[in-house]
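Here the structure is laid out as structure tokens; the discussion comes afterwards.
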Amino acid sequence: MAKNVSQSPLEKNSLSSIDQKLAMAKRCSHEGVVAGAKAAVVATIATAIPTLASARMLPWAKANLNHSAQALIISTVAGAAYFIVADKTVLATARRNSFNKNSNTEA
């Protein structure tokens with residue numbers, strides 16, 4: 001015997017607010033992923049060139065850096081660049097959105 005009770009305006013506002021927050025969080029994380037991927041590509045290129053060149057030209061690097069070590073150096077730098085830039089981008093986007101939200105509610 002459930003009655004068809006419509007939601008109160010307060011409940012409707014909170015649900016739409018949650019949907020807006022979820023959409024904003026998805027957008028922030030997507031921006032972070034894109035920025036992190038771009039940074040990883042740049043870091044890979046910037047690391048690969050000197051690593052590969054030194055492994056072929058410098059006697060110490062030629063003797064001590066096999067292919068696995070070279071790949072480890074390059075991938076570590078790429079991974080670090082991805083996570084650092086993605087984290088900073090997500091935080092900056094969230095901060096910017098929180099400031100925009102405060103200025104919109106005060107106006």
Side-chain angles (χ1 to χ4, degrees):
M1 318 290 157
K3 296 180 182 178
N4 289 334
V5 178
S6 64
Q7 293 178 335
S8 70
L10 182 60
E11 289 175 359
K12 288 181 182 178
N13 288 340
S14 65
L15 289 177
S16 65
S17 174
I18 291 172
D19 289 339
Q20 287 175 346
K21 288 179 183 178
L22 183 61
M24 189 175 300
K26 285 182 181 179
R27 191 177 76 241
C28 288
S29 62
H30 179 69
E31 288 179 21
V33 168
V34 170
K38 288 178 183 178
V41 168
V42 171
T44 299
I45 294 168
T47 306
I49 293 169
T51 301
L52 296 175
S54 65
R56 280 153 185 70
M57 294 179 194
L58 299 176
W60 179 89
K62 190 181 286 187
N64 294 313
L65 295 180
N66 60 12
H67 295 293
S68 297
Q70 294 170 30
L72 183 62
I73 291 168
I74 295 167
S75 62
T76 301
V77 171
Y82 173 83
F83 285 111
I84 290 169
V85 172
D87 183 49
K88 287 182 177 267
T89 304
V90 168
L91 291 175
T93 307
R95 188 178 305 117
R96 185 177 62 235
N97 289 334
S98 70
F99 288 147
N100 288 343
K101 180 182 175 186
N102 288 340
S103 63
N104 289 342
T105 57
E106 292 172 1

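Taking 4.5 Å as the limit, some side-chain heavy atom of Glu31 sits within range of a side-chain heavy atom of Arg27.
Taking Thr44 as the reference, nothing meets the side-chain hydrogen bond (donor to acceptor under 3.5 Å, both in side chains) condition, with sequence neighbours excluded. Here Ile45 pairs with Val41, Ile49 under the side chain to side chain contact (heavy atoms under 4.5 Å, CB included) rule; sequence neighbours left out. Every residue two or more places apart in sequence or in another chain that forms a side chain to side chain contact (heavy atoms under 4.5 Å, CB included) with Ala69 is listed here: Leu65, Asn66. For Val34, the side chain to side chain contact (heavy atoms under 4.5 Å, CB included) partners are His30, Lys38, not counting sequence neighbours.
Panel note: side chain Ser98, backbone Arg95; a donor-acceptor pair is recorded below 3.5 Å.
The distance from atom CD1 of Ile73 to atom OG1 of Thr51, rounded to the nearest 0.5 Å, is 5.0 Å. Taking CD from Gln70 and OG1 from Thr47, the interatomic distance works out to 12.5 Å, rounded to the nearest 0.5 Å.
Scanning both residues, Arg56 and Lys62, for their nearest heavy atoms gives O-CE, 3.2 Å. Of all heavy-atom pairs between Cys28 and Thr93, the closest is SG-CG2, 3.2 Å. Considering all non-hydrogen atoms of both residues, Thr89 and Ala35 come closest at OG1-CB, 3.5 Å.
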I'd like a table of donor-acceptor pairs (distance under 3.5 Å, sequence neighbours excluded) in which one partner is a side-chain atom from residues 76-88, with atom names and distances.
from, atom 1, to, atom 2, distance (Å)
Thr76, OG1, Leu72, O, 2.6

